[in-house]
Structures are given as C-alpha cells and as structure tokens.
Amino acid sequence: MIPRCVCLFAIGSLVLAPIAAQDPAAFDPPRTLILDGRGMAGQYARWRASGDTVHPAIEDLRREADECLTEGPWTVVSKTMVPPSGDKHDYISVGPYWWPDPDKPDGKPYIRRDGQVNPERMEYDNVGLKKTCGNGLTLALAWYYTRNPDYSRHGAELLRTWFIRPETAMNANLNFGQAIPGRTKGRGIGIIDTACLIGAVDAALLLETSAAWTDADARSLRQWFAQYLHWLRNSKHGRDEDRTKNNHATWYDAQVACFALYAGQPDVARNVLRNVAERRIDSQIRVDGSQPHELTRTKSWDYSVMNLKAFFHLATLADHVDINLWHHDSANAGGIRDALDFLIPFARSEKDWQHEQITPLDGSKLAELVRRASIAYDEPKYESVLRRLFSEDQLATARFQLIYPGGRANDDS
C-alpha cells in the first residue's frame, strides 16, 4: 500500500452544536473503495475530540444534505418513454452530443456536435441515475460525519428504490445506453453513463455503518452489482467498451474493478488492475504527461482531467489488491503523476492551453486530484498548488477535505 500523510491541512472551523453522541464504532475506518476511509476516520475522531467545533466543510455538507432530503427517490420506471425491450425497468439514454439533423424532416439520423449537449438527454434515465448516485453519496457522507439518522434513512431509500425494490429497480444492463435516434438503439460507449455507480458503491459502504442499511440491503445491492458486472464483462456492449482507447476504456476498467471488489470477486478486480499499466497507462499517457486521445476533443481540458480521475480511481482500487499503479512509468510513456504534473501549470494559469476548449478552462477541476496526489505521493508541493487554485475560504469548504483529508503544505513550489 502507498504510504499516506495524516497531518491536517490548516483550515478554519466554526463553533456550532456538537456533531453527535459518542459512538465507539465511529472511529473504525469505513471500508470504502475510492474514498479515503482511514483518513475520514482520523478526521472524524479529531473533530469529535475538539468539542463543539464543527468544520466548515461539514456545515456545507449539512446544507447540501438537507436539500437532498427534499429530493427523490428516482426510478427507471417513472420515465415516459418505453425502451425498445418494452420493459421500463431497462435503462435508456441518448448520446449527449447527438442532435437532430436540420436538413431532415424528422431530424433522423441524428448528427454529432462534439462537446455540445443536446437538452433532450435530460429526459432520460441518466438524470435519475446521476441524482441517485450523487445525492446518495452526499447523504451517506452527511450521515458519517453528523450521525443524523435522517440522512442515512433517505440515502438508503434512494439506493433501495433505484437498485433493489422489485417494482422500481433498474435491470442490471445498459443495452440502451446512449442511443442515437435513427442510428442505433444503444452503444458500448453508453457504459460511461454508469461511472457514477462507483460513488454509489462507496455510499452503500458508508451506510453500512448505520441502522438504516440492513444486511439484507447490502446483500441485495451486492447481488445487483454482481449481475451488472457479469453484463459488463460478457455483453457485446461491454466488450466494445473494453476495446476503446480513450477515457471510455479507463472508466470501463475502473467500473469493472470497483464492482468486482464490492461484489466479492477480488480475483476479477486483480486481473483487470494488473493489466492497466500496459493496456491503459502506456497507451494513453505520453512521456511528457499529455493524454493525446483527450487532446483531440473540443473540451480537451475537461476530458484530460476526467480521464486522469479515472486513472486515480484505478490506482486507488489497485492498492486494495497490492498492485502499485501510482509509480508505474516506462521508457516510452508517462505515468499517472506525469499526467497530473503536465496539467498543473495550465490550472495555475502559468501556461496557455494550446488545445481546443470550447468552454472556459476551469483550473479548480484539478484540485481534488492534487489533494489525492499529495496523499498518495506524500508530496508537500501539491498542497501549495492547492493554495494557488483555491482561496482559503474555498479550501475550507471543499468536499475533498472530507473524503481525502490530509496533506502537508510546502511553500517552496
């Protein structure tokens, strides 16, 4: 395993009501797969020991969680359209960058406009899935740090409704993901829609520390993920996605490895992760750290950061099976750290981005990965980079202070 620094980053705090009653089990690290469970347990213990002081990031989390209490649950069966299978339990979405052809009376077949999202996409299951995963994780985190049972109960209900309850559950396939009207009913590329399920896994693992998520819930959700994992590995769409060369391949591996570990199939995860270095890193990261497949996109900055996040996930998952991807490098390719270091000068506006980016370049999108790098590489300079990307107030309330605590600052960079 990669050594990590557990020193706190110096940030402010607010004086508010106590977080929760003492819970002896609260300081045991949650068994998360992507989130830093050990760091979270350490932070929780320190904040509990501080008396009535509540970290501003927790206050922000509380506000977000309170909003989540007013939303959902969502389900695939509530949509108005019916998938080609005739079964509303099947997930369906349309490709985000595909638009009606203005030269055709019915607009079909749709035509591609890379980087420009067709608002029709907001009418499909991808919206409910993303909200279920995102809100579910927010509520699970809020439960973990506040021990407010309202958060765990609603988070559990979101996951049960989308995945478990027979009358509302999604079938464990993505046969109709990112369809293109007039061209195809579904594509392997659509599997990127379920990258957010990685967050749902950690949400469920956090909820296992609450009374709201039962052993039966945990078994049922693991069974759902085992079924989806089987589909990912054996369906034509899954095999197509595995053969891609860009961020789709990286996120495919991250999903397979994460779901395999959660479903109790570590050998499957290990087989995927031991091949990541040669199959994904060497083919996608140049010696200088650039990611050529992502640089061809109209949002080349956003896609470079997005792909690198998937590599960070893979390296984190690999730690669970004693494979070191953080330090992989080769003579003809770069590694994960090279890819991060390539992006940092552009995030800090020290260099001008020379590739197409049709939306403003947002350097703060790199911040969470910088914090994760400071922990994985035990490198103080990355904390100094964070102070260039965020103001002190922004740093104090950043979500990564809760899910990736730690890091030693160094003003020499």
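The first residue in the sequence is number 1, and the count goes up from there. Bear in mind that the values here come from a model prediction, so they are computed numbers and not experimental data.
Ion pairing of K79 with D125 is present here, as a side-chain N (NZ or NE/NH1/NH2) and a carboxylate O approach within less than 4.0 Å. Using a cutoff of 4.0 Å between basic side-chain nitrogens and carboxylate oxygens, R348 and E350 are scored as salt-bridged.
Note on ring orientation: taking the six-membered ring where Trp is involved, the planes of Y382 and Y377 are tilted (angle from 30° to 60°). Between F342 and F346, the ring planes are tilted. Angles from 30° to 60° get that label. Taking the six-membered ring for Trp and thresholds of 30 and 60 degrees, F259 and Y228 have ring planes inclined between 30 and 60 degrees apart.
With sequence neighbours excluded, no residue satisfies side-chain hydrogen bond (donor to acceptor under 3.5 Å, both in side chains) with Q265. The ring-ring contact (aromatic ring centres under 6.0 Å, His included) search around H313 returns W251, not counting sequence neighbours. Scanning for side chain to side chain contact (heavy atoms under 4.5 Å, CB included) contacts around R239 gives K236, R243, with sequence neighbours left out.
In this structure, the separation between CG on L61 and CH2 on W143 is 13.5 Å, given to the nearest 0.5 Å. The CG atom of D193 lies 4.5 Å from the CZ atom of R121; values are rounded to the nearest 0.5 Å. For the atom pair CG of D362 and CG of D302, the computed distance is 8.0 Å after rounding to the nearest 0.5 Å.
Residues S290 and D288 bring a donor and an acceptor atom of their side chains to less than 3.5 Å of each other.
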Verify side chain to side chain donor-acceptor pair (under 3.5 Å) between T214 and D217, making sure each step is shown before the conclusion.
CA-CA 5 Å; T214 68; D217 290 329; 3.1 Å; yes
